[in-house]
Colleague: 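Here it is: the structure, laid out below.
Remember, it's a predicted structure, so these values are computed and weren't measured experimentally. Read the numbers this way: they start at 1 and go in the same order the structure lists the ligands and their atoms.
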Amino acid sequence: MKISHYYCITSLLLLILFCFSEGWRADPTYGFTVVPLTEWNFELQKPYDVPLEERYSYENGVRKLWVYADDKPHDPNSLTQPRTEVRIRGLDYSSGVWQFEGYGFVPNGTSGVTVSQIHGAAQAATTLILRIYNGDMRYYSADLIATGMYDRWFRLNVIHDVDGGKVTVFIDGVQKFQVKDKGPGDLYFKCGVYAAPGNISYCMESRWRDIKIYKK
Ligand SMILES: *[C@@H]1O[C@H](CO)[C@@H](O)[C@H](O)[C@H]1NC(C)=O
Ligand SMILES: *[C@@H]1O[C@H](CO)[C@@H](O)[C@H](O)[C@H]1NC(C)=O
């Protein structure tokens, strides 16, 4: 066999190996169009009786959001759990295919907290809740999505195919979870910290950078 044939076959085998290994991942944003955002699109919700700068900072492109278990809700008339959250404003959707992308960081010690959600549904308050419990990410307090989430930046992509009725979650570009959605409604993306119903750490914090919204 000629040496050039040997190289050709070896390269082909390596290519096949690469394609079947974890090295080859279709990027979740492939085929999507980025929606331009301005600071106006980032509405902030925080305990109603404290100034924003006591629960939020935005430095060097990193939004840091924190809240305490005994904080007040975001509105004096609300009975919900405390939160400091970015609510993507002006891009509510009720059909089509939409995607949230952001790089998140959750410090060790933060537990029992929703770090990202799709708010709204046909029959419920939310379509998707991503919670951190002891370093694991869960769908609400149930299905395990990913482990080892503390003290590292992770890339989160959430695709909501409203027309197809499904939600897909990617961590670091890898599909980790897919679930049926809960029907169309007034839908929008959020991230930050929103205390779970129980098993909450006293201090809750998450950091976010490079938040993008895409659509098809
Ligand atoms: C988180 O902190 C606890 C207590 O300090 C420690 O035991 C644990 O190993 C830490 N976990 C990670 C993932 O760093
Ligand atoms: C808190 O954690 C315990 C033990 O894992 C569990 O049985 C309980 O259902 C949790 N409570 C809430 C409100 O999540």
Side-chain angles (χ1 to χ4, degrees), residues 22 25 45-48 54-57 59-87 100-158 160 167-183 185 189-211:
E22 275 230 68
R25 294 162 188 157
Q45 302 178 342
K46 45 93 190 164
Y48 69 82
E54 288 179 22
R55 296 293 182 276
Y56 172 80
S57 69
E59 279 163 34
N60 303 320
V62 178
R63 297 171 200 276
K64 182 167 145 184
L65 306 97
W66 66 100
V67 81
Y68 301 102
D70 55 4
D71 270 343
K72 297 270 199 293
H74 65 299
D75 183 293
N77 300 313
S78 171
L79 295 172
T80 57
Q81 292 284 72
R83 70 184 69 186
T84 303
E85 283 187 298
V86 164
R87 178 244 202 264
F100 170 91
E101 177 178 72
Y103 290 78
F105 182 102
V106 181
N108 186 358
T110 286
S111 196
V113 65
T114 297
V115 293
S116 187
Q117 48 171 309
I118 297 173
H119 194 277
Q123 307 288 345
T126 56
T127 290
L128 175 77
I129 285 273
L130 297 178
R131 277 203 201 124
I132 300 293
Y133 287 103
N134 302 315
D136 297 335
M137 181 182 277
R138 292 185 179 273
Y139 173 67
Y140 296 84
S141 48
D143 311 54
L144 182 64
I145 295 173
T147 59
M149 301 302 285
Y150 281 150
D151 293 336
R152 68 179 187 91
W153 285 99
F154 57 88
R155 179 185 179 204
L156 173 68
N157 294 78
V158 174
H160 189 183
V167 176
T168 312
V169 178
F170 299 79
I171 303 290
D172 297 324
V174 180
Q175 183 176 324
K176 292 289 191 180
F177 186 66
Q178 189 166 63
V179 69
K180 250 174 74 69
D181 76 358
K182 300 182 195 170
F189 296 104
K190 302 185 84 177
C191 64
V193 278
Y194 172 39
N199 297 323
I200 307 161
S201 59
Y202 179 69
C203 186
M204 291 160 267
E205 178 187 316
S206 75
R207 301 172 206 164
W208 292 89
R209 61 174 169 81
D210 300 311
I211 295 169

Colleague: Looking only at protein heavy atoms, which one is nearest to atom 11 (N) of ligand 2, and what is the separation?
Modeller: Asn199 ND2, 3.1 Å
Colleague: Only one of Arg55, Met204, Arg207 passes side chain to side chain contact (heavy atoms under 4.5 Å, CB included) with Trp66; say which it is.
Modeller: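 Testing each of Arg55, Met204, Arg207 against Trp66, the sole residue satisfying side chain to side chain contact (heavy atoms under 4.5 Å, CB included) is Arg55.
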Colleague: Looking at atom 8 (C) of ligand 1, tell me if a protein heavy atom falls under 4.0 Å from it.
Modeller: yes
Colleague: Note the single closest protein heavy atom to atom 5 (O) of ligand 1, along with its residue, its atom name and the distance in Å.
Modeller: Asn108 ND2, 4.8 Å
Colleague: Which protein heavy atom lies closest to atom 13 (C) of ligand 2, and at what distance to 0.1 Å?
Modeller: Gly198 CA, 3.6 Å
Colleague: Where do Tyr56 and Arg63 land on the side-chain hydrogen bond (donor to acceptor under 3.5 Å, both in side chains) test, with the steps shown first?
Modeller: CA-CA 7 Å; Tyr56 172 80; Arg63 297 171 200 276; 2.9 Å; yes
Colleague: If every non-hydrogen atom of Cys203 is compared with every non-hydrogen atom of Tyr68, which pair is closest and at what distance?
Modeller: SG-CE2, 3.7 Å
Colleague: Is atom 2 (O) of ligand 1 close to the protein, meaning a heavy atom under 4.0 Å from it?
Modeller: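 It does: a protein heavy atom is found less than 4.0 Å away from atom 2 (O) of ligand 1.
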Colleague: Between Asn134 and Tyr150, do the side chains contain an N or O donor and an N or O acceptor separated by less than 3.5 Å?
Modeller: no
Colleague: Below 6.0 angstrom between ring centroids: does that apply to Tyr103 and Phe154?
Modeller: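 That pair fails the under 6.0 Å test.
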